[in-house]
Trainee: 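One structure is given below, represented as structure tokens, and several questions about it will come after.
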Amino acid sequence: MTANPPPANTCPVCGDGAHLSLLCRTDGADVYACATCTADHVFPMPDARALKAYYDRREWFEGGEKGGYENYDAQTGWSVDLMDAILARCAGKSGLSILDVGCGYGTHLAAAAKSGWKCFGVEPSAHARAVAQERLGGEAYIVESASDLIPHEFDVVLMLDVIEHLPSPYPTFYQLFSIGAITAKTLVVITTPNAGSAAAKSDPAAWPYRHPASHLVHYTAGALDLLLRRLHFEAPEIKGLTEGPAPSDDLAHSAGLLVTTQGSDFAEFMRERYVPGTWSKLAEYEHLPRYALAKTLVDGKAVLDFGCGTGYGAALMAETAASVTGLDIDAAALAWAQESHRNPHLAFRRHDDLGATLPDASFDLITCFEMIEHVDFATQQAAVANMARLLRNDGLLLISTPNPDVTALYGANPYHLREMSEAEFRDLLGPHFPHIRILRQFVRVGIAIDQEDADARLVPGAVADTTAPETKPLAFIALCSRRPVPAIPNRVLFDQNIDFIEQFMLKEQALNKTKLEAYERGERAHSLDGQFRRALSERDTAQAAIVSKTQELHESKLEIIARTNDLNILEHRRLNEKGEYEAALQALEHRRANEQAAADAAFSALQRTREAEHNSPRFLARQLWRATRGRIGAILGSQPKRG
């Protein structure tokens, strides 16, 4: 078994490797510029382990390193105004959700949470993720990778100063599309340094944003536009970012780029056809091995890839074939194929007639993988007839179809109009090809005991005897010809791009961590449930007391009303008695006044009588007599008595 060949230097944005030139060397890294899309990139790229170790450190966020931050909060404060503008754009709507890819310390999510948004974040740095989770608590769901997100459609997806850190922009987008995170309604907002600015062009190595250890791909406005249009976004709006608060149209003098876009149907595009790197490893194991098999048979031949889709298989065969023609009915798939794959031996053509207008006996080999089940029975018959016509007499057809027993595990597929069993598949091919050899494609877990000798013979075997049911093939591959089909050795393909043990252990650790978090959440939920029950009990007790007090208050109120009524009666009685008293008093006063008047009259009469008497001679004589008698008596009383 041989080691993986070193990766080719191709542009991460457009895939072109033929039009690259060395842009500069800085900090021990080579930076290449792409003349096709105008992006530039570091090569070779650091691997995933190195990047994870680099970003997991606190020092990158707080240590003042080149390319990092001295104070993350202070140096990312500019984006708060941008976040406010994004939130204002969606004002008045409810139930909105936001995903911040590369969320850092969670500043943007905190602002969204205050406005009532459902908040999700992706942050690969263990340090930054821990800070964000501590700050936001339960207000945001923050994970390490996009693959850890739950399937969910977002209203806004942020990638603020993130895309330049990715070795390729596509895997992150593919993952988001595959879980339905980005749909036609999703607003995507991207910021990144502007590699098309005058400062970046005048001295690429000294450009302030040239940090090869962390900034791996730099974009111009044209490169971003190409990337987003390839992902089926509609009319990306690209503005410049300067130190001022508002975006600028002067891109040449803008340090950064701000992109807003939406309207992508790429998720649907992925569902109908396979794009390498999308979906899962299982999808890769289904599709790529068939073309790997075909590649061993196409050396120096004229090949037709019937139903080529996005062209990845045609491109693989074009590495050794004399010529490869990719044929498909779908213009969008062919556009992707033409943009993604460049080879002078490769051409893509659109036909909606099953190749009926192509000349007879044009090809030595035809491949038709995972296409035939997408059409009805009549079209299947016509397609096989056309493929037979297009093959030379000694030509070979490689055609596959999925096993319905396996696809049933995936659920309903609206794009598969007629799946076939192995027998039905053979019946479809038999009328046109007298010689048919059926291969069965399996996906199995394997173990290799390897040695340095690359030519050592591979000896198959089983780990242990087992009575488990035999694995069902996921697909049938038919080799069809008018002449006897030569025997083809069984093939075992190893995926050398992943370390199974490392992946297994990482998944086990993640699963155990998830189990522990679930247990701790269960414990917290149980504790909260107990607190809730106690609170309910206290609430019920308080409510009972309130009811009792309310009843007492009601009774007191009734008593007050009764006493008020009594007081009103007493007041009414008092007022009546007061009236009677005042009337009696008034009568008494009137009588007294009358009596006083009578007394005054009698007195006046008496006084007049007396005055009349006093003035009469008789009264005067009487008074004189009394005075004389009194005087005589006084005289007589004053003389001494005789013994």
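FYI, side chains are in, hydrogens and waters are out, and symmetry mates aren't considered; it's all heavy atoms of this structure. All residue numbers refer to positions in the sequence shown, counting from 1.
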Trainee: Between the side chains of His253 and Ser197, is a donor N or O closer than 3.5 angstrom to an acceptor N or O?
Mentor: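 No, because no side-chain N or O of His253 sits under 3.5 Å from a partner of the opposite role on Ser197.
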Trainee: What's the verdict on salt bridge (Lys or Arg N to Asp or Glu O under 4.0 Å) for Glu144 and Lys52, showing C-alpha distance, side-chain angles and the deciding distance?
Mentor: CA-CA 10 Å; Glu144 180 178 358; Lys52 177 171 175 56; 2.9 Å; yes
Trainee: Do Asp84 and Ile86 have side-chain heavy atoms sitting under 4.5 Å apart?
Mentor: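 Side chain of Asp84 against side chain of Ile86, heavy atoms only: no contact under 4.5 Å found.
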Trainee: Taking the six-membered ring of Phe61 as reference, does the NZ or CZ atom of Arg58 fall below 6.0 Å from its centre and within a 45° cone about the axis?
Mentor: no
Trainee: Side chains of Tyr285 and Asp495: is there a donor and an acceptor less than 3.5 Å apart?
Mentor: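 Judged by distance alone, the side chains do pair up.
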Trainee: Would a distance-only check, ignoring hydrogens and angles, find a side-chain to backbone donor-acceptor pair under 3.5 Å from Asp56 to Ala126?
Mentor: yes
Trainee: Is it the case that the side chains of Glu419 and His416 hold a donor-acceptor pair, with the cut-off being a distance below 3.5 Å and no angle test?
Mentor: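 Indeed, the side chains of His416 and Glu419 share at least one donor-acceptor pair under 3.5 Å.
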Trainee: Test your reading of the model: is there a side-chain donor-acceptor pair from Gln75 to the backbone of Glu70, 3.5 Å cut-off?
Mentor: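 Yes; judged by distance alone, with no hydrogens or angles, the pair exists.
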Trainee: Less than 4.5 Å apart, any side-chain heavy atom of Ser97 and any of Trp117?
Mentor: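 Side chain of Ser97 against side chain of Trp117, heavy atoms only: no contact under 4.5 Å found.
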Trainee: Between the side chain of Asp225 and the main-chain N/O of Ala221, is any donor-acceptor distance below 3.5 Å?
Mentor: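 No, because the side chain of Asp225 does not come within donor-acceptor range (under 3.5 Å) of the backbone of Ala221.
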Trainee: With a 4.5 Å heavy-atom cut-off, do Ile142 and Cys103 have their side chains touching?
Mentor: yes
Trainee: Side chains of Ser79 and His108: any donor to acceptor distance under 3.5 Å?
Mentor: yes
Trainee: Between the side chains of Glu237 and Thr260, does any donor sit under 3.5 Å from an acceptor?
Mentor: yes
Trainee: So, for Tyr105 and His127, is the gap between ring centers shorter than 6.0 Å?
Mentor: yes
Trainee: Do Leu231 and Phe269 touch side chain to side chain, with heavy atoms closer than 4.5 Å?
Mentor: no
Trainee: What's the shortest heavy-atom distance between Ala39 and Val13, and which atoms?
Mentor: CB-CG2, 3.8 Å
Trainee: With no hydrogens and no angle check, just 3.5 Å: does a side-chain donor-acceptor pair link Tyr291 and Asp305?
Mentor: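 Yes, side-chain donor-acceptor contact under 3.5 Å.
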Trainee: Give a yes-or-no answer on whether the side chains of Asp529 and His526 include a donor-acceptor pair shorter than 3.5 Å.
Mentor: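 Result is no, nothing qualifies.
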Trainee: State whether a side-chain donor-acceptor pair under 3.5 Å links Glu523 with Ser527.
Mentor: no
Trainee: For the residue pair Phe266 and Trp336, is the inter-centroid distance of their aromatic rings smaller than 6.0 Å?
Mentor: yes
Trainee: Would you call Lys118-Glu139 a salt bridge at under 4.0 Å N-O?
Mentor: no
Trainee: For Ser147 and Gln175, run side-chain hydrogen bond (donor to acceptor under 3.5 Å, both in side chains): C-alpha distance rounded to whole Å, both residues' side-chain angles, the deciding distance at 0.1 Å, then the answer.
Mentor: CA-CA 6 Å; Ser147 62; Gln175 185 64 47; 5.3 Å; no
Trainee: Indicate whether the side chain of Arg230 and that of Tyr170 have a donor and an acceptor atom separated by less than 3.5 Å.
Mentor: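 A donor-acceptor contact under 3.5 Å links the two side chains.
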Trainee: Going by distance alone, is a donor N or O of one side chain under 3.5 Å from an acceptor N or O of the other, for Tyr55 and His165?
Mentor: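 Looking only at side-chain atoms, His165 and Tyr55 do form a donor-acceptor pair, the distance falling under 3.5 Å.
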Trainee: Look at the rings of Tyr274 and His287 and say which category their plane angle falls in: under 30° parallel, 30 to 60° tilted, over 60° perpendicular.
Mentor: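 Parallel.
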Trainee: Per the side chain to side chain contact (heavy atoms under 4.5 Å, CB included) rule, which among Thr186, Val188, Leu149 passes with Leu176?
Mentor: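 It is Leu149, the one option of Thr186, Val188, Leu149 that forms the side chain to side chain contact (heavy atoms under 4.5 Å, CB included) with Leu176.
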Trainee: Among side-chain atoms of Glu234 and Thr261, is any donor-acceptor pair under 3.5 angstrom?
Mentor: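 No pair is found: no donor N or O on one side chain lies under 3.5 Å from an acceptor on the other.
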Trainee: Do Tyr219 and His41 pass the ring-ring contact (aromatic ring centres under 6.0 Å, His included) test, and can you show the C-alpha distance, the side-chain angles, and the key distance before you say yes or no?
Mentor: CA-CA 9 Å; Tyr219 298 81; His41 65 279; over 10 Å; no
Trainee: How about Arg290 and Gln441: do any of their side-chain heavy atoms sit closer than 4.5 Å?
Mentor: yes
Trainee: Taking Ser400 as the fixed residue, which of Glu370, Glu373, Glu286 is the one that meets the side-chain hydrogen bond (donor to acceptor under 3.5 Å, both in side chains) rule?
Mentor: Glu370
Trainee: Are side-chain heavy atoms of Pro167 and Leu51 found at a separation under 4.5 Å?
Mentor: yes
Trainee: Have a look at His218 and tell me which of Tyr32, Trp207, Tyr209 forms a ring pair (Phe, Tyr, Trp, His ring centres under 6.0 Å) with it.
Mentor: Trp207
Trainee: Can you tell me if His374 uses its side chain to pair, donor with acceptor, with the backbone of Tyr415 under 3.5 Å?
Mentor: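 Checked: pair present.
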Trainee: If we ignore hydrogens and angles and just use 3.5 Å, is the side chain of Arg350 paired with the main-chain N or O of Leu334 as donor and acceptor?
Mentor: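 The answer is no, because no donor-acceptor pair under 3.5 Å joins these two groups.
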Trainee: Within the 4.5 Å heavy-atom criterion, are Tyr69 and Glu62 side-chain neighbours or not?
Mentor: no
Trainee: Examine distances only and state if a side-chain atom of Glu123 and a backbone atom of Gly104 form a donor-acceptor pair shorter than 3.5 Å.
Mentor: yes
Trainee: Taking all heavy atoms of Val157 and all of Ala181, pick out the closest pair and write down the distance.
Mentor: CG2-O, 4.3 Å
Trainee: Evaluate the criterion side chain to side chain contact (heavy atoms under 4.5 Å, CB included) for residue pair Phe348 and Leu346; output intermediate values, then yes/no.
Mentor: CA-CA 7 Å; Phe348 294 101; Leu346 176 63; 3.6 Å; yes
Trainee: Give a yes-or-no answer on whether the side chains of Thr191 and Asp161 include a donor-acceptor pair shorter than 3.5 Å.
Mentor: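 Yes, Asp161 and Thr191 have a side-chain donor paired with an acceptor closer than 3.5 Å.
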Trainee: Any salt bridge linking Asp27 with Lys66? Criterion: basic side-chain nitrogen under 4.0 Å from a carboxylate oxygen.
Mentor: yes
Trainee: Hey, which of Glu268, Gln262, Glu153 is the one that makes side-chain hydrogen bond (donor to acceptor under 3.5 Å, both in side chains) with Thr183?
Mentor: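 Of the listed residues Glu268, Gln262, Glu153, the side-chain hydrogen bond (donor to acceptor under 3.5 Å, both in side chains) partner of Thr183 is Glu153.
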Trainee: Contact between Leu257 and Leu251 at the side-chain level, heavy atoms closer than 4.5 Å - yes or no?
Mentor: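 The answer is yes, as the side chains (C-beta and beyond) meet within the 4.5 Å cut-off.
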